[in-house]
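Right, one structure below, let's go through it.
Below, read A as the first sequence line, B as the second, and so on, with proteins coming before strands; counting in each chain starts at 1.
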There are 2 protein chains.
Amino acid sequence: MDKTVYLDAARRHCESRGCRLTELRQQVLELVLEHPGVVKAYQILADLQRERGVAAPPTVYRALDFLVEQGLLHRVEALNGFILCHHFDCPHDGLILVCERCGGVEELDATGCLTSLTDAMSAVGFTPRAQNLVLTGTCRSCQA
Amino acid sequence: MDKTVYLDAARRHCESRGCRLTELRQQVLELVLEHPGVVKAYQILADLQRERGVAAPPTVYRALDFLVEQGLLHRVEALNGFILCHHFDCPHDGLILVCERCGGVEELDATGCLTSLTDAMSAVGFTPRAQNLVLTGTCRSCQA
DNA sequence: CAACGGCATGTTACTGTATAACATCATACA
DNA sequence: TGTATGATGTTATACAGTAACATGCCGTTG
Ligand SMILES: [Zn+2]
Ligand SMILES: [Zn+2]
Ligand SMILES: [Zn+2]
Ligand SMILES: [Zn+2]
């Protein structure tokens, strides 16, 4: 998807949810957009400092938290990082695959793949919050 | 399982894998044993300092990493913590359920629940490393 | 207009998490 | 006895995240 198209869609997505994609938030989103795969908060912080002179951690974390809240980014706990979600407009169970060798990240739509997991959980009375599963392994091109 | 029995089993487990459960490693394991649910590295560090006077982060992290390596502990990335594994002797796909309300943690054996996930992954050529899935949600007693 | 309320952002300072790099010690084995 | 290997100690630092409070922005309302 083209960058401007993506940003427009993101803006409309936020507004349809009663939130504003402010200049700062958009700027952070654009910075994330410039990194393939997983990006770290402090990387964004450095980028932001490069663009604006000053910026402190809370500035970045607030923007990132907002973007996660809106579904534009996914948090990848296992890596202390964030990745772009390319289909934020349809609610989905994400399955994030992280390659141990090349560091590449890929998001699958796991909606429908989780029934047996869900069954096992309800058997013990556990109600999962909608979220993303993260798995590490080896991607196709790194199988070698 | 009784504590001494557990420790003996753990020691044999390590030795059968060609590793040694040294005094320090066992001491750390015992400290983890004393905490229900998830325990943090710096909590163990504090415990260790109480018992031995001095201890630095690398000491604790090395021991914890070792125990994870041996399968005696699971790392819970999402919480920056560790939990005991009660069936380290049989290889398993763990499913760790973390309750957002009470902080309780429960490990399910998810072996066999992951076929559709595995299918989805092989469809894109991804080979997962054996590991644990972590999900947050609400446990039975906190449903209210 | 002026005052207010809300939300977004700025700023400072701190807590918590984790590792690099190098020194030392123990043990086993040639 | 020397030497290699793995475990531990020690210092210092990097990386991640948040609390608390100040300031600015903007739409509403009297
Ligand atoms: Zn997604
Ligand atoms: Zn790869
Ligand atoms: Zn387990
Ligand atoms: Zn609970």
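- Axis orientation changes by 10° from one end of the helix from C:dC1-D:dG30 to C:dA30-D:dT1 to the other, with each end axis drawn from 5 pairs and the value rounded to 10°.
- Listed by first then second residue, pairs satisfying ring pair (Phe, Tyr, Trp, His ring centres under 6.0 Å) with a partner in residues 1-49 of chain B read B:Tyr6-B:Phe88, B:His13-B:Phe88, not counting sequence neighbours.
- Neither side chain, B:Glu23 nor B:Gln27, offers a donor N or O lying under 3.5 Å from an acceptor on the other.
- For the pair B:Asp47 and B:Arg50, the salt-bridge criterion is met [side-chain N within less than 4.0 Å of a carboxylate O].
- When the side-chain hydrogen bond (donor to acceptor under 3.5 Å, both in side chains) test is applied to A:Glu15, no partner is found at least two apart in sequence or on another chain.
- Spacing between atom CG of A:Leu48 and atom P of C:dT9 amounts to 11 Å, rounded to whole angstrom units.
- With a cutoff of under 4.0 Å to any heavy atom of chain B, the contacted region of DNA chain D is bounded 5' to 3' by D:dA7 to D:dT11.
- Per the geometry, CD belonging to A:Gln26 stands 16 Å off P belonging to C:dA8, to the nearest Å.
- Two residues are said to be in side-chain contact when any heavy atoms from C-beta on lie closer than 4.5 Å; B:Arg52 and B:Leu24 meet this criterion.
- A distance of 6.0 Å or more separates the ring centres of A:His86 and A:His74.
- Put simply, the side chain of B:Val32 does not reach to within 4.5 Å of the side chain of B:Leu72, judged on heavy atoms.
- Under the 4.5 Å side-chain heavy-atom criterion for ILVMFWY residues, no single connected hydrophobic cluster contains both A:Val38 and A:Ile44.
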B/S/- along nucleotides 11-27 of chain C (protein heavy atoms under 4.0 Å) is BB----BBBB-------
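- For B:Arg75, the salt bridge (Lys or Arg N to Asp or Glu O under 4.0 Å) partners are B:Glu77, not counting sequence neighbours.
- Counting heavy atoms from C-beta outward, A:Glu106 and B:Val124 have side chains that approach closer than 4.5 Å.
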